[in-house]
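Structure first, commentary second.
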Amino acid sequence: MSSPHGWAIGVMPPMHGGPRHYDLVALPDTSLQPDVPSFMDCAVAIAGDAPKAADTWVQTAGACMLELLDRRQHFADHAGPDDERGVPGWHCIASGAVGLGVDTAESRRLQKSLDDANVLHHIANTFTADLESPFFNGIKLFYGGQPGKVQAEIRVNGERHEAASAALAAMGLPEPNAFTMVRSYALLLPMPEDGTGPPYPPARLDLAHAHTRACGSGSQPT
């Protein structure tokens with residue numbers, strides 16, 4: 001999917017997972033050639049529900065991409081490097097947590113737990129040394145699964161980060177009582193030494209219309 005405003009989203013060749021696992025790349029500005037800045041994420045079509053997988057991506061990584069371009073907190077939250085929900089040394093654009101599962105109340109419980117845990121702030125020292133992009137770094141948080149078989153994972157720029165994942169697992173988040181998964185996403189932008197705002201410029205485009213089209217056209221994450 002591409003926009004006349006210069007951003008694009010595409011499905012990559014599968015790098016891990018089964019046939020219901022989609023590896024996605026977001027390119028906020030394709031005009032920055034030849035090395036177009038991008039960030040990676042993935043989505044899983046649980047029980048073959050591809051529209052739900054696409055919608056979950058839009059609410060997390062997709063929301064962060066739109067907020068990266070818009071910067072008016074219409075799509076995701078902002079936190080500076082000194083904020084209590086921020087990541088020291090970085091400007092953070094973060095989505096809320098989105099839950100998937102067989103029980104709505106349980107999904108909401110785990111969503112709230114993930115939000116309340118303020119994960120990135122508390123485990124920042126485990127992964128910030130590995131943030132390499134001068135534009136933005138994509139961070140995915142994933143927690144949940146079957147009762148007794150919980151997975152905790154943090155991916156940094158598309159790759160599982162073992163130290164950060166272990167730190168998330170050690171935070172003592174509640175286990176689900178029924179099959180439930182929650183995920184959130186964040187973009188971390190480097191801060192200049194002079195303390196001014198992150199260097200990646202906002203686009204200030206008609207992104208409300210773009211967001212409506214993205215949600216409405218997400219019948220398949222391809």
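Sequential numbering from 1 along the given sequence is applied to the chain's residues. Here the structure is a predicted model, which is why all the values come from computation and not from measurement.
Scanning all heavy atoms of the two residues, the minimum distance from Ala26 to Trp57 falls at CB-CZ2, 4.2 Å. Between Leu27 and Ser38 the shortest heavy-atom distance is CG-CB, 4.1 Å. The heavy-atom pair separating Leu168 from Ile123 by the smallest distance is N-CD1, 4.4 Å. Scanning all heavy atoms of the two residues, the minimum distance from Glu67 to Gln73 falls at OE2-N, 2.6 Å. The nearest pair of heavy atoms linking Ser184 to Ala97 is CB-CA, 4.0 Å. Residues Pro28 and Leu68 come closest through the heavy atom pair CG-CD2, 3.6 Å.
Residues Thr126 and Ile154 form no side-chain contact, since every pair of their non-hydrogen atoms from C-beta on lies 4.5 Å or further apart. With contacts defined as side-chain heavy-atom distances shorter than 4.5 Å, the pair Leu188/His91 does not qualify. Looking at Lys140 and Cys42, their side chains come closer than 4.5 Å, going by heavy atoms from C-beta outward. Side-chain contact between Val11 and Asp23 is absent, with no heavy atoms from C-beta onward closer than 4.5 Å. His121 has its side chain out of reach of Arg85: every pair of non-hydrogen atoms, C-beta onward, lies at least 4.5 Å apart. Residues Glu159 and Met40 have side chains not in contact (no heavy-atom distance under 4.5 Å, counting atoms from C-beta outward). No side-chain heavy atom of Tyr200 sits less than 4.5 Å from a side-chain heavy atom of Pro190. For the pair Glu153 and Leu141, the minimum side-chain heavy-atom distance is 4.5 Å or more.
Note that CZ of Phe75 and CG of Leu69 are 9.0 Å apart. Values are rounded to the nearest 0.5 Å. Atom CG of residue Asp116 and atom CD of residue Gln111 lie 11.5 Å apart, to the nearest 0.5 angstrom.
In this structure, Thr180 contributes its side chain and Pro176 its backbone to no donor-acceptor pair below 3.5 Å. The backbone N or O of Asn137 sits nowhere less than 3.5 Å from a side-chain atom of Asn157 that would complete a donor-acceptor pair. A distance-only check finds a donor-acceptor pair linking the side chain of Asn118 to the backbone of Glu84 [under 3.5 Å]. Counting only distance, with no hydrogens or angles, the side chain of Ser2 and the backbone of Ala8 share no donor-acceptor pair below 3.5 Å. In terms of modelled atom types and a separation under 3.5 Å, the side chain of Ser113 and the main chain of Leu173 share no donor-acceptor contact.
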Next item on the list: Could you walk me through whether Leu189 and Trp90 pass side chain to side chain contact (heavy atoms under 4.5 Å, CB included), step by step?
Entry: CA-CA 6 Å; Leu189 286 66; Trp90 299 82; 5.6 Å; no
Next item on the list: Output, in order, the C-alpha distance, side-chain angles, deciding distance and verdict of side chain to side chain contact (heavy atoms under 4.5 Å, CB included) for Met12 and Leu24.
Entry: CA-CA 6 Å; Met12 300 284 288; Leu24 304 168; over 6 Å; no
Margin query: Does Leu110 form a side chain to side chain contact (heavy atoms under 4.5 Å, CB included) with Tyr143? I'd like the steps, not just the answer.
Written below: CA-CA 9 Å; Leu110 262 68; Tyr143 179 80; 4.2 Å; yes
Margin query: Does Val182 form a side chain to side chain contact (heavy atoms under 4.5 Å, CB included) with Val98? I'd like the steps, not just the answer.
Written below: CA-CA 5 Å; Val182 289; Val98 174; over 6 Å; no
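Under the rule for a side chain to side chain contact (heavy atoms under 4.5 Å, CB included), the partners of Gln146 that lie at least two apart in sequence or sit in another chain are Lys149, Phe179.
Gln59 and Asp55 form a side-chain donor-acceptor contact under 3.5 Å, judged by distance and modelled atom types alone.
Among pairs with a residue in residues 95-108, those fulfilling salt bridge (charged side-chain N to carboxylate O under 4.0 Å, His left out) read Glu106-Arg109, at least two apart in sequence or across chains. Among pairs with a residue in residues 27-45, those fulfilling salt bridge (charged side-chain N to carboxylate O under 4.0 Å, His left out) read Asp41-Arg183, at least two apart in sequence or across chains.
At a threshold of 4.5 Å between side-chain heavy atoms, the hydrophobic network of Ile, Leu, Val, Met, Phe, Trp and Tyr places Leu131 and Met65 in two separate groups. Following chains of ILVMFWY side-chain contacts shorter than 4.5 Å, one can reach Leu114 starting from Val156, so the two form part of one hydrophobic cluster. Cluster membership check: Phe127 does not share its hydrophobic cluster with Met191, using side-chain heavy-atom separations under 4.5 Å among Ile, Leu, Val, Met, Phe, Trp and Tyr. Criterion: ILVMFWY side-chain heavy atoms under 4.5 Å apart, direct or through other members. Under it, Ile139 and Ile93 are not part of a common hydrophobic cluster. Met171 and Leu120 fall within the same hydrophobic cluster, where Ile, Leu, Val, Met, Phe, Trp and Tyr residues are linked whenever their side-chain heavy atoms come under 4.5 Å apart, directly or through other members.
Taking the six-membered ring where tryptophan is involved, the planes of Phe39 and Tyr185 are tilted, since the angle between them lies from 30° to 60°.
Within a 6.0 Å sphere centred on CD of Glu162, other residues, nucleotides and ligands contribute more than 12 heavy atoms. Around CD of Gln33, the count of heavy atoms belonging to other residues, nucleotides or ligands within 6.0 Å exceeds 12.
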